[in-house]
Asker: 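Attaching a single structure in structure tokens format; questions to follow.
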Amino acid sequence: MGWDSHDAAIADRRLAVDVLWGSPFGASVRGYDRLHQIHKELKRKAVGGASSRFEIVECVAPAPGVALAQVRRTALDADGRALPADDDASAAFSELALYVLVKRGDCWWVCAAQNTSISTTPGAT
């Protein structure tokens, strides 16, 4: 909902205050405030495509209160069709992410993530 409406506040509402985030382009960001500012700018520019489709690839719970989720985000065009993979870093892109979630109180929070862009070149990032 927040992703397609380009609303970073909604998209980021389950990020932990101490989140550790790995971008699909190799950057590492620590902390909600810093990451949220980046996401606001990306949403403003509609980076990633007009909209997206998310698919949970795998989810495991290795310990009580901890979950690991691998999620594929496919960038879609304005008509809802998947965009082809593109190695141009300025183009809309799809990605595969690994999220680490922890349960704090009654809520699950994303405390870490690593995103990898889906490339046309095997082994490329």
Asker: Nearest 0.5 Å, what's the CG-CD distance between Leu68 and Gln70?
Answerer: 10.0 Å
Asker: Does Arg30 have any side chain to side chain donor-acceptor pair (under 3.5 Å) partners at least two apart in sequence or in another chain, and if so, which?
Answerer: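 Testing Arg30 for side chain to side chain donor-acceptor pair (under 3.5 Å), a comparison that skips the adjacent residues, returns none.
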Asker: Ala16 and Cys111: which non-hydrogen atoms are nearest, and at how many Å?
Answerer: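 What the structure gives for the nearest pair is CB-CA, 4.1 Å.
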Asker: Provide the full list of side-chain hydrogen bond (donor to acceptor under 3.5 Å, both in side chains) pairs with a residue in residues 74-85, sequence neighbours left out, each pair given once.
Answerer: Asp77-Arg81, Asp79-Arg81
Asker: Are Phe54 and Val110 in one and the same hydrophobic cluster, where Ile, Leu, Val, Met, Phe, Trp and Tyr link if side-chain heavy atoms are under 4.5 Å apart?
Answerer: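 They do share one cluster, since a chain of ILVMFWY contacts under 4.5 Å joins Phe54 to Val110.
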Asker: Of all heavy-atom pairs between Ala9 and Asp7, which one has the smallest distance, and what is that distance?
Answerer: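 Distance-wise, the nearest heavy atoms are N-OD1, 3.0 Å.
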Asker: When you group the ILVMFWY residues by side-chain heavy-atom contacts below 4.5 Å and let the links chain together, are Leu42 and Tyr99 in the same group?
Answerer: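 Yes; tracing contacts between hydrophobic side chains, which count when under 4.5 Å, links both residues.
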Asker: In Å, rounded to the nearest 0.5 Å, how long is the span from OG of Ser94 to CG of Leu76?
Answerer: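 Result: 7.5 Å between the selected atoms.
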Asker: How long is the gap from CD on Gln37 to CG on Asp12, to the nearest 0.5 Å?
Answerer: 10.0 Å
Asker: Can you name the nearest heavy-atom pair linking Arg53 to Ala82, along with the distance?
Answerer: NH2-CB, 4.2 Å
Asker: Are Leu98 and Leu35 connected, step by step, through hydrophobic side chains (Ile, Leu, Val, Met, Phe, Trp, Tyr) whose heavy atoms are closer than 4.5 Å?
Answerer: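 No; tracing contacts between hydrophobic side chains, which count when under 4.5 Å, never links both residues.
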Asker: Show me the donor-acceptor pairs, under 3.5 Å and distance only, between side chains in residues 18-28 and residues at least two apart or in other chains.
Answerer:
residue	atom	partner	partner atom	Å
Asp18	OD1	Arg104	NH1	3.4
Asp18	OD1	Arg104	NH2	3.4
Asp18	OD2	Arg104	NH2	3.4
Ser23	OG	Phe25	N	3.1
Ser23	OG	Gly26	N	3.3
Ser23	OG	Ala27	N	3.0

Asker: What closest approach, in Å, do Val66 and Pro62 show between heavy atoms, and which atom pair accounts for it?
Answerer: O-CD, 3.5 Å
Asker: Closest approach of Phe93 and Ala75, non-hydrogen atoms and distance?
Answerer: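 Between these two residues, the closest heavy atoms are O-CB, 3.4 Å.
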Asker: Using the rule that Ile, Leu, Val, Met, Phe, Trp and Tyr join whenever any side-chain heavy atoms are under 4.5 Å apart, tell me whether Leu83 and Ile118 fall into a single cluster.
Answerer: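 Different hydrophobic clusters.
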Asker: With sequence neighbours left out, write down each residue that passes side chain to side chain contact (heavy atoms under 4.5 Å, CB included) with Ala61, or none if nothing qualifies.
Answerer: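 For Ala61 there are no side chain to side chain contact (heavy atoms under 4.5 Å, CB included) partners, ignoring immediate neighbours.
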Asker: Excluding sequence neighbours, so at least two apart, what forms side chain to side chain donor-acceptor pair (under 3.5 Å) with Arg44?
Answerer: Glu41
Asker: As an exercise, state the distance from CH2 of Trp109 to CG of Leu15, rounded to the nearest 0.5 Å.
Answerer: 8.5 Å
Asker: Going by side chain to side chain donor-acceptor pair (under 3.5 Å), name the residues that satisfy it together with Glu58, two or more places apart in sequence or in a different chain.
Answerer: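 Counting only residues at least two positions away or on another chain, Glu58 forms no side chain to side chain donor-acceptor pair (under 3.5 Å).
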Asker: Checking Arg72 now: which residues fulfil salt bridge (Lys or Arg N to Asp or Glu O under 4.0 Å) with it, not counting sequence neighbours?
Answerer: Glu55
Asker: Does Tyr32 have any side chain to side chain donor-acceptor pair (under 3.5 Å) partners at least two apart in sequence or in another chain, and if so, which?
Answerer: His36
Asker: Could you identify which residues cluster with Leu96, counting Ile, Leu, Val, Met, Phe, Trp and Tyr as linked when any side-chain heavy atoms lie under 4.5 Å apart, either directly or through a chain of such contacts?
Answerer: Val57
